[in-house]
Amino acid sequence: REDEPKNKPPGSNTKYIAFGIVLVLAVVSFFVFQNLMKPSETIELTTVSMISASQASASLTASGYVVAQRKAALASKATGRLIYLNVEEGDKVLKHDVIGRIESADVEAALAQAKATLELYKADLYDAKQSLERVKTMVERSLVAQADLDAAQARYGRVLASISAAEAAVKAAEVQVENTFIRAPFAGTVLTKNADVGEVVAPFGAGASSKVAVVTIADMNSLEVEADVSESNIEKIKSNQPCDIVLDAYPEKRYSGYVSKIVPTADRAKATVMTKVRFNDKDDRVLPEMSAKVYFLSKAIETTTNSKPKIVVSQSAIVNRGGNTIAFLYRDETVKEVNVELGEILGNNVEVLRGLTPGDKVVASPSTALQSGAKVKIKE
């Protein structure tokens with residue numbers, strides 16, 4: 001028929017197919033390139049953790065540091081060169097133990113001189129007393145005048161006064177010698193050593209060219225956790241309230257404690273009130289200046305075999321996508337969407353029954369644009 005199209009030349013369909021493939025590849029490449037060039041989203045992370053049953057029932061959580069309530073930086077009472085130091089960091093000392101000593105040749109010489117002067121006056125006292133007894137006898141026999149007796153009594157009195165002054169000088173010299181010793185004011189443990197034998201040490205407030213504190217000691221039995229509690233939550237805290245203490249250095253260990261003191265003043269800069277928490281039991285691993293978390297409990301909870309730890313995560317990490325409860329797991333600068341099964345709400349946290357394990361890093365407050373597989377960077 002004349003109205004029918006003429007036969008297409010061979011290969012024309014192949015040309016169109018090839019062109020279509022090239023077009024599709026170009027579009028795909030464009031979107032892939034655009035996705036790769038898209039800047040990484042900045043995120044904040046939170047950590048999945050495991051807490052005890054008592055911590056799960058905590059009415060409030062606060063952070064703080066272990067602080068020795070009895071601590072002293074020991075300095076000498078006099079200025080001089082340190083000639084003796086017999087302690088190192090970690091050594092235990094008893095009250096009045098000699099920790100160190102500064103050079104004392106000058107004050108010991110002054111003490112020897114004061115003692116010699118005292119002995120001289122004591123010899124004078126003997127002579128003055130004998131003279132007074134002789135004069136008294138002669139006055140009774142009317143062999144000498146009363147004026148001679150008065151002079152003998154005056155001499156005896158002057159010698160007694162000189163002895164009193166010499167004894168005071170001896171005591172002063174003994175104090176100066178004692179000041180060359182550096183003693184422990186209480187039983188404790190040496191935390192730091194700030195000077196070595198041969199260095200010049202001085203009392204506090206002395207010149208900058210000399211060392212001040214020789215050692216610092218602390219009574220390890222006085223360790224407490226000082227935690228800052230927000231003003232808005234301070235009404236939840238009471239004296240003797242039971243607490244759980246967890247040191248950041250040993251997260252698997254729980255220490256029992258109680259509120260020993262609520263400091264009666266607030267920090268206006270931080271809007272917090274310092275709360276001191278004392279240990280009921282502790283071990284040698286608890287050290288001053290360690291960071292700690294304090295869980296303030298509504299009541300004391302005994303740990304039993306049925307008190308299983310709970311896996312928890314911040315509620316901000318949990319979102320709903322397409323009817324599923326999910327969290328974004330962070331791995332190697334990317335995030336992956338994981339389904340989670342949740343339990344009870346525990347304060348700002350929520351119990352995780354399935355989907356996450358302790359130590360996992362997840363995105364806190366993920367944006368609606370965040371997708372599984374997205375490349376991200378952590379907020380600094």
Side-chain angles (χ1 to χ4, degrees), residues 52 55 62-104 177-228 243-261 263 274-295 303:
S52 67
Q55 293 166 7
S63 298
Y65 294 90
V66 179
V67 178
Q69 303 302 304
R70 200 178 188 195
K71 182 178 177 180
L74 306 185
S76 66
K77 293 183 178 180
T79 301
R81 191 174 303 279
L82 191 64
I83 61 172
Y84 173 72
L85 186 64
N86 69 335
V87 294
E88 297 287 344
E89 292 89 342
D91 288 351
K92 298 183 184 302
V93 295
L94 299 177
K95 186 176 182 179
H96 301 313
D97 275 357
V98 175
I99 291 174
R101 190 180 185 187
I102 62 173
E103 56 188 355
S104 58
V177 172
E178 175 60 28
N179 286 346
T180 64
F181 291 93
I182 303 171
R183 297 183 184 272
F186 52 82
T189 302
V190 177
L191 301 182
T192 61
K193 186 181 73 169
N194 307 313
D196 291 304
V197 172
E199 293 185 297
V200 175
V201 297
F204 287 103
S209 61
S210 58
K211 293 293 181 70
V212 180
V214 177
V215 296
T216 301
I217 68 171
D219 181 359
M220 305 302 270
N221 293 323
S222 70
L223 294 181
E224 294 183 356
V225 176
E226 294 183 353
D228 289 329
C243 302
D244 266 0
I245 304 168
V246 178
L247 302 178
D248 290 354
Y250 315 113
E252 77 288 350
K253 172 68 176 176
R254 177 176 68 92
Y255 296 92
S256 172
Y258 65 93
V259 176
S260 65
K261 182 180 293 185
V263 177
M274 180 181 291
T275 303
K276 297 186 178 183
V277 179
R278 185 166 296 174
F279 290 87
N280 284 326
D281 57 347
K282 63 180 186 300
D283 50 38
D284 292 339
R285 299 191 300 173
V286 181
L287 301 175
E289 307 307 322
M290 279 186 167
S291 56
K293 287 184 177 62
V294 179
Y295 298 86
T303 301

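Throughout, residue positions are numbered sequentially from 1 according to the sequence presented. In this text the structure is predicted, and so the values were computed from the model without any measurement. For the numbers below, each heavy atom of this structure counts, side chains included, while hydrogens, waters and symmetry mates do not.
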Worksheet item: Taking the side chain from Ser222 and the backbone from Ala68, do they hold a donor-acceptor pair closer than 3.5 Å?
Response: no

Discussion item. I want to check something: taking the side chain as every heavy atom from C-beta on, are Gln69 and Lys261 in contact at a cut-off of under 4.5 Å?
Written reply: no

Practice prompt. Report yes or no: do Ser256 and Asp281 form a side-chain donor-acceptor pair below 3.5 Å?
Written response: no

Discussion item. Can you confirm if the NZ or CZ of Lys253 lies within 45° of the ring axis of Tyr255 and under 6.0 Å from the centre of its six-membered ring?
Written reply: yes

Worksheet item: Does Val201 reach the side chain of Ile102, with side-chain heavy atoms less than 4.5 Å apart?
Response: yes

Discussion item. Please determine whether side chain to side chain contact (heavy atoms under 4.5 Å, CB included) holds for the pair Cys243 and Val259, giving the CA-CA distance in whole Å, both sets of side-chain angles, and the decisive distance to 0.1 Å.
Written reply: CA-CA 7 Å; Cys243 302; Val259 176; 3.7 Å; yes

Worksheet entry | Electrostatic pair Asp219-Lys71, nearest N-O below 4.0 angstrom | no

Item to complete: Supply the atom-to-atom distance Ile182 CD1 to Leu85 CG, rounded to the nearest 0.5 angstrom.
Response: 7.5 Å

Worksheet item: Can you name the closest pair of heavy atoms from Val93 and Ala184 and give their distance?
Response: CG2-CB, 3.9 Å

Worksheet entry | Glu178/Lys77 ion pair, N-O < 4.0 Å | no

Worksheet item: If you measure from the Lys or Arg side-chain nitrogens to the Asp or Glu carboxylate oxygens, is any gap between Lys193 and Glu88 under 4.0 Å?
Response: yes

Item to complete: Inspect the contact between Arg278 and Glu224 and indicate whether a charged nitrogen and a carboxylate oxygen are less than 4.0 angstrom apart.
Response: yes

Fill in: Minimum heavy-atom distance between Lys293 and Asp248, given as atom pair plus value
NZ-OD1, 3.5 Å

Discussion item. Quick one, Met220 and Pro288 - any side-chain contact, counting heavy atoms below 4.5 Å?
Written reply: yes

Worksheet item: Looking at side-chain heavy atoms only, is the closest gap between Tyr250 and Met290 below 4.5 Å?
Response: yes

Practice prompt. Indicate yes or no: at least one non-hydrogen side-chain atom of Ser291 is less than 4.5 angstrom from one of Leu247.
Written response: no

Item to complete: Report yes if some heavy atom in the side chain of Val277 is under 4.5 Å from a heavy atom in the side chain of Ile245; otherwise report no.
Response: yes

Worksheet item: Of the non-hydrogen atoms in Phe279 and Leu223, which two are nearest, and what is the gap between them?
Response: CD1-O, 3.5 Å

Practice prompt. Provide the closest heavy-atom pair for Val225 versus Val294 in the form atom of the first, atom of the second, distance.
Written response: CG1-CG2, 3.6 Å

Item to complete: Kindly write out the residues that satisfy salt bridge (charged side-chain N to carboxylate O under 4.0 Å, His left out) with Asp91, not counting sequence neighbours, or none if the list is empty.
Response: none

Fill in: Side chain to side chain, Leu191 and Glu89, heavy atoms closer than 4.5 Å
no

Practice prompt. Go through the steps to decide whether Phe181 and Ile99 satisfy the test side chain to side chain contact (heavy atoms under 4.5 Å, CB included), and finish with yes or no.
Written response: CA-CA 8 Å; Phe181 291 93; Ile99 291 174; over 6 Å; no

Discussion item. Please find the pair of heavy atoms, one from Asn194 and one from Glu199, that lie closest to each other, and give the distance.
Written reply: O-OE1, 4.3 Å

Discussion item. Using side chain to side chain contact (heavy atoms under 4.5 Å, CB included), reason through Thr275 and Val263 one step at a time and then give a plain yes or no.
Written reply: CA-CA 6 Å; Thr275 303; Val263 177; over 6 Å; no

Discussion item. Taking atom CG as the centre, does Asp283 end up with more than 12 heavy-atom neighbours from other residues, nucleotides or ligands that are less than 6.0 angstrom away?
Written reply: yes

Worksheet item: Between Thr79 and Ala202, is there a donor-acceptor pair closer than 3.5 Å when you use the side chain of the first and the backbone of the second?
Response: no

Fill in: Shortest non-hydrogen contact between Pro185 and Leu74, atoms and distance
CD-CD2, 3.5 Å

Item to complete: Evaluate the side-chain proximity of Phe186 to Arg70: yes if any heavy-atom separation is below 4.5 Å, no if none is.
Response: yes

Worksheet item: Judged by atom type as modelled, is there a donor-acceptor pair below 3.5 Å linking the side chain of Thr180 to the main-chain atoms of Glu103?
Response: no

